[in-house]
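Read through the structure below, which is laid out as structure tokens, and then see the notes.
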Amino acid sequence: MKNVMSNKFVITLYTLPALLLILVLIYIPITLSGYYGLMDWDGIGEMKFIGLENYVTLVQDKVFWTSTWHSFQLAIFSAVSLLLYLGISLVLASKIKGSDLLRKIYLIPMLLSSVAIAQLWMKIFDPNNGMANRLLEIFGVENTPLWLADPEIALYSIFIPVIWQYAGFYILIYYAALKNVPDEVIEAAKIDGANALQIAFRIKLPLISGIFKVTIMLAVVGSLKYFDLIYVMTGGGPNGASEVMASYMYKEAFKLNNFGYGSALGFGLLVICLVMTWLTSKLTKSNDDVQF
Amino acid sequence: MLKKKAVTAALSLALMGGLVLGGCSSSSSKSEDTSKSSGDKTVVKMMHLWPEGSAKAQYTIVDDIIKTYEKEHPDIDIQTEILGNEQYKEKIKVLSASNELPDIGITWAAGYMKPFVEGNMFAPLDDIVQEDKFVAGTLDAFSVDQKPYAIPLELNIAPVYYNKEIFKKYDLEVPKTYDEFLKVVKTLSDNDVTPITVGNKDRWTGSMWYMYLADRIGGPETLNNAINRTGSFEDPALVKAAEEITKLVDMDAFVKGFNGLSNDEAKGYFMNEQAAMYIMGTWELPNYTTSPDVDQKFKDKVGYFKFPAYEGGKGNIDSFVGGPGVALFASEQSKVKDEAKQFISYLVDEWGKRSVVEAGVIPATTVDTSGSDLAQMYIDILNDLGNATNITLYADVQMSAGVADVHLNQIQALFGGQSTPKEFTKAQEEALASEK
């Protein structure tokens with residue numbers, strides 16, 4: 001076996017399918033979209049080379065920067081909500097009764113498709129017949145909010161189903177990581193007289209900090225390119241109040257037939273995501289990696 | 001070693017080939033099968049958007065027409081590919097980018113069609129069109145430089161539907177003038193009934209209200225001229241129409257949260273009798289007449305009226321907002337262009353005879369209502385259509401995609417109070433002016 005693996009030719013052969021897949025499905029399209037970004041193209045007729053004009057427009061495009069700001073708000077918000085998920089997982093992992101059932105309940109939203117979630121929450125947010133406003137009315141609120149129709153709060157209204165949607169995923173990751181903390185370590189701490197809080201904050205959390213960093217990265221990058229709930233629930237509206245980078249890109253390319261500019265936007269989104277990935281990994285990097 | 005290399009090369013090629021072909025083969029296999037059996041018949045490929053599942057009536061009509069046509073022309077084999085609305089739109093774009101449009105396909109009017117015509121994808125159909133057969137104005141939406149590039153199958157106008165029972169309960173009459181209309185709105189909102197439901201998340205819905213006001217105040221030409229640049233969008237009549245919209249919003253005329261409701265959600269308010277009035281295209285008629293899914297009690301409660309006349313305005317009550325829906329095109333690149341055109345002409349004729357009665361779709365060709373047992377509401381609408389002085393094509397369809405987006409966003413902003421009437425018209429004037 002060792003012999004086979006040291007043969008460069010065999011290594012090449014084995015990695016070739018994966019390499020081809022990545023090339024054809026990821027790197028070539030990225031290069032192409034960067035190239036289309038240099039064109040004036042409606043997706044149907046002739047392409048016209050216009051140099052960097054699309055990218056100049058992009059830098060000056062107010063709508064793009066507002067959408068970017070919205071995406072960043074979502075990223076910050078998702079990163080903060082990780083703490084909430086972590087708290088829940090700590091409780092679930094501490095052998096309370098019914099934690100199995102609870103874990104499954106939290107996982108359900110993840111099993112639903114985004115469109116189903118969007119439809120569900122659109123019903124909840126319906127300003128007249130929806131559950132949210134009916135509940136508020138029961139508590140005596142008179143000017144019930146318009147939720148998705150109010151440009152001031154439309155974006156934040158969508159954040160609620162987003163937390164709900166991803167809760168299961170992150171709780172599952174944290175739960176698995178916490179279960180991986182060796183019992184011996186915890187027992188030793190107990191013998192030394194540590195209480196539950198100390199065990200959680202001094203032992204468990206440091207031991208899963210690696211996982212926590214990974215999830216921050218996932219949450220930040222995932223939010224920056226977030227698209228589905230926003231597209232279905234508001235389509236970026238009212239009047240661009242909930243437009244994020246990905247939905248703006250989709251709108252330019254497919255709704256307004258600006259494939260050239262849409263590609264430039266896609267490329268801009270890629271650059272921003274790359275920078276943010278690099279930045280988050282830099283910020284969360286620590287020298288003392290804890291080992292069991 | 002060399003041998004080995006050859007083997008790996010072959011292997012990797014096979015792998016890649018498998019990937020590339022795997023993507024295409026599944027979709028094309030069906031048509032390949034049928035083309036084999038067709039022997040040396042001329043194959044005409046057609047794509048349409050009425051799947052058997054979701055648009056059975058339309059599907060059956062087209063299917064029947066194809067079968068009869070094939071019987072009458074044994075040398076022709078018409079092969080269909082059917083997709084749902086959104087998938088259809090996406091696929092047509094991809095096909096046209098790779099120059100593989102079907103011989104016959106479906107398109108939408110003006111702004112949607114323009115890039116295809118400019119890209120030389122559609123064949124002019126002036127040789128098969130018999131203009132006198134069509135309702136006046138419907139062909140214009142599919143014409144570029146006076147030549148039609150597609151033939152419309154549908155025509156829709158937008159009346160105001162209302163709930164007779166709610167009107168009766170508050171002792172209201174069908175309004176003939178705009179002042180009467182405002183009184184109706186006032187009475188309803190004073191009694192905590194939602195006067196009008198509109199799903200303005202979709203934006204074109206609110207645009208219909210604005211277009212009607214613009215039409216009644218400034219006459220049909222003002223808005224059209226603003227769009228085709230012989231006039232200005234800052235015309236006083238267009239500003240006035242925007243002011244009337246703000247006034248209606250301030251009166252609580254529209255359902256709460258209209259900017260967050262899609263058209264389907266807003267329609268729910270009307271269907272559940274939570275709102276008294278609703279403007280929508282005549283494609284809604286089956287819900288109020290023939291559809292087996294709607295309770296007969298509700299159907300009996302629904303009536304419609306023409307958008308009321310505005311005192312001192314230039315428009316008249318017999319002018320409608322509306323427009324042709326989908327249309328058939330023949331591909332310019334097609335190898336069987338003549339056969340395709342012939343079939344289109346045949347299909348449009350047959351469709352016109354059957355679509356209202358069987359599918360509840362009003363065709364763009366003039367309809368003879370005598371001798372058919374159509375629902376009364378259809379007969380009334382068809383009569384109104386016959387007497388219409390003008391049909392103004394939906395503004396967003398008249399505009400190019402970019403300007404339409406500005407228009408629609410401004411509609412949402414006007415309704416939502418983020419744009420004043422002046423800002424509303426100014427933004428659109430700028431968008432229209434910068435386009436040329």
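All chains are named by letter (A, B, ...) in the order of the sequence lines, taking the proteins before the strands, and each is independently numbered beginning at 1.
Closest heavy-atom contact between B:Gln418 and A:Pro151: NE2-CG, 3.0 Å. In terms of heavy atoms, B:Gly257 sits closest to A:Ala149 at O-CB, 3.5 Å. Nearest heavy atoms, A:Met233 versus B:Lys201: O-NZ, 2.7 Å.
When each of B:Asp405, B:Val94, B:Leu261 is checked for heavy-atom pairs under 4.5 Å with chain A, B:Asp405 comes out on top. Each of B:Ala401, B:Gly119, B:Ser98 has some count of heavy-atom pairs under 4.5 Å with chain A, and the biggest count is that of B:Ala401. Of the listed residues (A:Thr234, A:Leu148, A:Asn258, A:Thr12), the greatest number of heavy-atom pairs within a distance under 4.5 Å of chain B belongs to A:Thr234. Per-residue heavy-atom pair counts under 4.5 Å with chain B were compared for A:Leu256, A:Asn257, A:Asn128, and the maximum is reached by A:Asn128.
The contact between A:Asn129 and chain B is made by backbone and side chain atoms together, counting heavy-atom distances below 4.5 Å. Contacts of B:Glu118 with chain A are absent, with no heavy-atom separation under 4.5 Å from either backbone or side chain. Contacts of A:Lys251 with chain B are made by side-chain atoms alone, with heavy-atom separations under 4.5 Å and no backbone atom involved. There is no contact between A:Phe125 and chain B, counting heavy-atom distances below 4.5 Å.
Within a 6.0 Å radius of OH in A:Tyr35, no more than 12 heavy atoms belonging to other residues, nucleotides or ligands are found. In this structure, B:Asp295 places its CG atom where more than 12 heavy-atom neighbours from other residues, nucleotides or ligands lie under 6.0 Å away. The neighbour count for B:Lys147 NZ, taken as heavy atoms of other residues, nucleotides or ligands under 6.0 Å away, does not exceed 12. Remark: A:Tyr27 OH is loosely packed, at most 12 non-hydrogen atoms of other residues, nucleotides or ligands lying under 6.0 Å away.
Distance CG/A:Asn133 to NZ/B:Lys256: 5.0 Å, rounded to 0.5 Å. One distance of note links CZ of B:Phe415 with CG of A:Asn239; it measures 12.5 Å at 0.5 Å rounding. Within the model, atoms NZ of B:Lys89 and CZ of A:Phe254 stand 13.5 Å from one another, a figure rounded to the nearest 0.5 Å. Between the NZ atom of A:Lys255 and the CG atom of B:Leu408 there is a distance of 11.5 Å, given to the nearest 0.5 Å.
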